[in-house]
Structure formats: C-alpha cells, structure tokens
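In what follows, chains are A, B, ... by sequence order, proteins preceding strands, each numbered from 1. Just so we're clear, the structure is a prediction, and the values are computed from it rather than from any experiment.
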Amino acid sequence: MPELPEVEVVRAGMQRHFAGARITDIDIRALRSVRRHLDGPQGFSAALADQRVVSFERRGKFIWALLDDPNTALVVHLGMSGQVLAQRSLQNLPVHARVILSLKPAPHMVFSDQRMFGGMHVDALIESAGRLVPQSMAHIAADPFEPVFDVVAVAARMRRSNSAVKSVLLNQQVVSGIGNIYADEALWRAKLDWARPASNVSLAKLQELLDAAKQVMGEALAAGGTSFDSMYVNVNGSGGYFSRSLNAYGREGEPCPRCGGAIIREKFENRSAFRCTRCQRRQTAPL
DNA sequence: AAGATCGCCTGCAGGC
DNA sequence: TGCCTGCAGGCGATCT
C-alpha cells in the first residue's frame, strides 16, 4: 500500500523518465480511473493534449505534474494498488493498465491500478499551506518532509482531538503521507497504544510520535530509493523493499523486537492495528 | 461540527 | 472442486 516513501519513489522515477516531454496521445482504458476529472474523459484528454510535463511534485501521497499551462496540473493518486510504469513499447502492457499517456521524447507513461481506488485528473492550481497545489487537494496538510511542516503546531493540533491517536495520525488534513503501516510503526517507536485519545497524550509525546513517523518513513525512503529498475517505476506495498524493517505491522503472534512482549492485532476502524502488549500497554480507565 | 461509519474495488487465502 | 467469507486500506461521501 503506497504511503509517502513509496509515492516519493514513484515521483522521483516519473521526474527522471518523463520531465520535459510532451504528451502526444492519451488512451483511457478505464473510465473509473479518470472519475475525478470533472469535465469527463474527453475533457481530461483535451486538457492534456500537446501539453509538456514540466516537473513532478508531491505532497503526502499525492503526485502532480506541472504543465506548460501554468494554471493547471495533472494529478496522480495511486490509491491502494496504483503503479506508474515507463515503457518504451505498448506491447506487454500490464493487465491492469488503465490510462496510457504517450510522450515525446520519453517512454509511455502507463498508469496501472488493479483495484481502481487511485486515478488521474487535471485540476487548477491554488495556494494552500505555503504551496501552489491542485485545488482538489487543498485540504491535504503538509507532510513531515516539507519545510513548512511545523511539528510543534501539528502536535498541538493533534492534542485538541479526542479521537484515538492513530486516527489523528492517519488524518491527512492534520499531517499527510502516513498510512496504516507507518502509523503502526511510528506508534511502536514512540511506545504508544494506538487507541489512546490524542487529547490524553502529552505534547512532548505527540512530537516524539511525529518525529518517529518522519524517521521511519525516511529510512524506508533511503532503502527504497536505490532498489528499483531504471525502466520500471515500481510500487509494491506488501512484498516490497521496505517491509523487512517493520517492527510491529504484520507481526501478530511474534515477540516484540524491543522488549520480547507479544505483538497482537486488533480491529480498528475496519482495518488492523498492531501493537506490543507490554511496551505499548493499554491504560486502564482514568479515575 | 467533529467524529464515526460506509462504499468503492479486485484478488487471494482459508474454511467447508 | 467450488463456493463463500474475510481481508487488504486510501479517501471522499454521508451519516450522527
């Protein structure tokens, strides 16, 4: 499941393969993959035809390409299963190829997405959280790697919520880029039970949690940035290059690498949460 | 009005 | 063998 580090690897690959090239053809194979484009598929194609992709930007899990037209951008979101491939030939397309942009002089940009939670659309640019971003993602907060990210302010904002601290950490309107895997890893590093109300966690501990999230994503990025083929802009959530260093996520029934306690899996908002029952102990109700 | 829940979507693993 | 259920989870929409 692509979270910030995986998305950044894709962005960097796109920058390397496609930046500066001109879009010569647009092939939409799945209407669902362009559903976020408000003008419909024809409008999507019209907005991109003959445009040059100038550079590739990212905030959190969103990628966008700046175009010749300074007022619009091509937004790419990978969702759960999205990949972007650079292919010289249109033969041997992946089974789930959904949108293909042909570029000159560059490989074809193939957007592949098994589950179609992701997609592409063209959008107007507006100012938000210190940057020019596509309008449709103006509500997305800065991610921990942006210069504008203010860890003290974000921790303070988290503390104002009564929701489970994991829920707030996953809220892309508070801090972006963190998904289920890195949330559990950050909580493990900070020795926090995911279910604790954020309002019940100290400001210092919330800062520690945000620092841990940045650290674990930074390490994944360092490991992933060197490990993919030059022609294949890869995203692989489950079996990929970053799963080997996980301490809590997916380790149900294993001993905690830090204290030897038991890692358990619990239900959380219709998904999973992993924690150590010893060093991420659940507090008994106060008073 | 913040916070919780739902629906989207496909492939695969496991149980019977 | 084949059917069924659950699971994976990002994110916007829709409820309370």
Side-chain angles (χ1 to χ4, degrees), chain A residues 1-11 28-38 58-64 75-84 93-99 111-121 123 128 133-143 154 156-187 194-201 213 217 220 235-240 242-243 246 248-253 264-274:
Chain A
M1 330 314 142
E3 303 182 29
L4 186 153
E6 297 76 41
V7 176
E8 172 56 23
V9 169
V10 172
R11 186 209 63 80
I28 301 167
R29 307 185 147 218
L31 293 177
R32 262 204 77 74
S33 294
V34 294
R35 68 191 179 281
R36 299 224 138 79
H37 190 90
L38 300 179
R58 183 189 57 74
R59 165 170 277 175
K61 304 170 194 170
F62 286 81
I63 296 170
W64 68 96
V75 183
V76 180
H77 198 281
L78 302 174
M80 287 290 299
S81 54
Q83 299 178 316
V84 177
L93 282 173
V95 182
H96 302 297
R98 307 301 191 192
V99 180
F111 177 74
S112 170
D113 188 11
Q114 181 208 108
R115 292 162 72 178
M116 294 197 284
F117 281 22
M120 295 175 131
H121 67 280
D123 201 3
S128 174
V133 304
Q135 197 165 43
S136 53
M137 51 163 289
H139 61 294
I140 301 296
D143 69 57
V154 173
R157 164 137 188 227
M158 290 180 74
R159 203 158 187 276
R160 278 182 238 125
S161 171
N162 294 315
S163 298
V165 65
K166 177 168 178 178
S167 187
V168 186
L169 193 60
L170 286 171
N171 186 342
Q172 305 296 303
Q173 303 187 44
V174 175
V175 49
S176 68
I178 304 168
N180 201 37
I181 296 173
Y182 293 118
D184 276 4
E185 290 302 302
L187 287 158
W194 60 265
R196 249 176 89 180
S199 55
N200 191 33
V201 181
M217 290 194 293
V235 178
N236 187 340
S238 51
F242 50 87
S243 60
L246 300 180
Y249 184 86
R251 293 188 173 269
E252 181 182 21
I264 60 166
R265 181 166 77 96
E266 295 170 300
K267 279 269 185 189
F268 159 76
E269 292 179 0
N270 263 332
R271 63 189 73 180
S272 292
F274 296 87

Looking for any heavy atom pair under 4.0 Å, which part of the strands does A:Ser81 touch: base, sugar-phosphate only, or nothing? nothing
Listed once per pair and sorted, the side chain to side chain donor-acceptor pair (under 3.5 Å) pairs that draw on residues 165-175 of chain A, sequence neighbours left out: A:Lys166-A:Asn180, A:Lys166-A:Asp184, A:Ser167-A:Glu269
Look at all strands and tell whether A:Asp113 reaches a base, only sugar-phosphate, or nothing, counting heavy atoms closer than 4.0 Å. nothing
By nearest-heavy-atom nucleotide on DNA chain B, the more 5' of A:Arg160 and A:Val95 is A:Arg160
Taking side chain to side chain donor-acceptor pair (under 3.5 Å) as the test, write out the residues that go with A:Arg36, two or more places apart. none
Axis-to-axis angle between the two ends of the helix from B:dA2-C:dT16 to B:dC16-C:dG2 (five base pairs per end, rounded to 10 degrees): 50°
Using salt bridge (charged side-chain N to carboxylate O under 4.0 Å, His left out) as the criterion, list what pairs up with A:Arg265, not counting sequence neighbours. A:Glu252
For A:Ser136, give me all partners under side chain to side chain donor-acceptor pair (under 3.5 Å), at least two apart in sequence or on another chain. A:His121, A:Asp123
Could you measure the distance from the CG atom of A:Leu78 to the NZ atom of A:Lys61? Nearest 0.5 Å is fine. 11.0 Å
Who passes salt bridge (charged side-chain N to carboxylate O under 4.0 Å, His left out) against A:Arg29, sequence neighbours left out? A:Asp27
Residues two or more places apart in sequence or in another chain: which of them pass side-chain contact (heavy atoms from CB on, under 4.5 Å) with A:Met80? A:Met1, A:Arg115, A:Phe117
Which nucleotide span of DNA chain B, 5' end to 3' end, has atoms closer than 4.0 Å to non-hydrogen atoms of chain A? B:dG3 to B:dG11
With sequence neighbours excluded, residues passing ring pair (Phe, Tyr, Trp, His ring centres under 6.0 Å) with A:Phe274: A:Tyr249
Mark up nucleotides 10-16 of chain C, 5' to 3', with B wherever a protein heavy atom is under 4.0 angstrom from a base atom, S wherever such an atom reaches only the sugar-phosphate, and - elsewhere. BBS----
Among all residues two or more places apart in sequence or in another chain, which pass the ring pair (Phe, Tyr, Trp, His ring centres under 6.0 Å) test with A:Trp194? A:Phe268
For A:Arg58, the side chain to side chain donor-acceptor pair (under 3.5 Å) test, sequence neighbours excluded, returns A:Glu8, A:Asp143
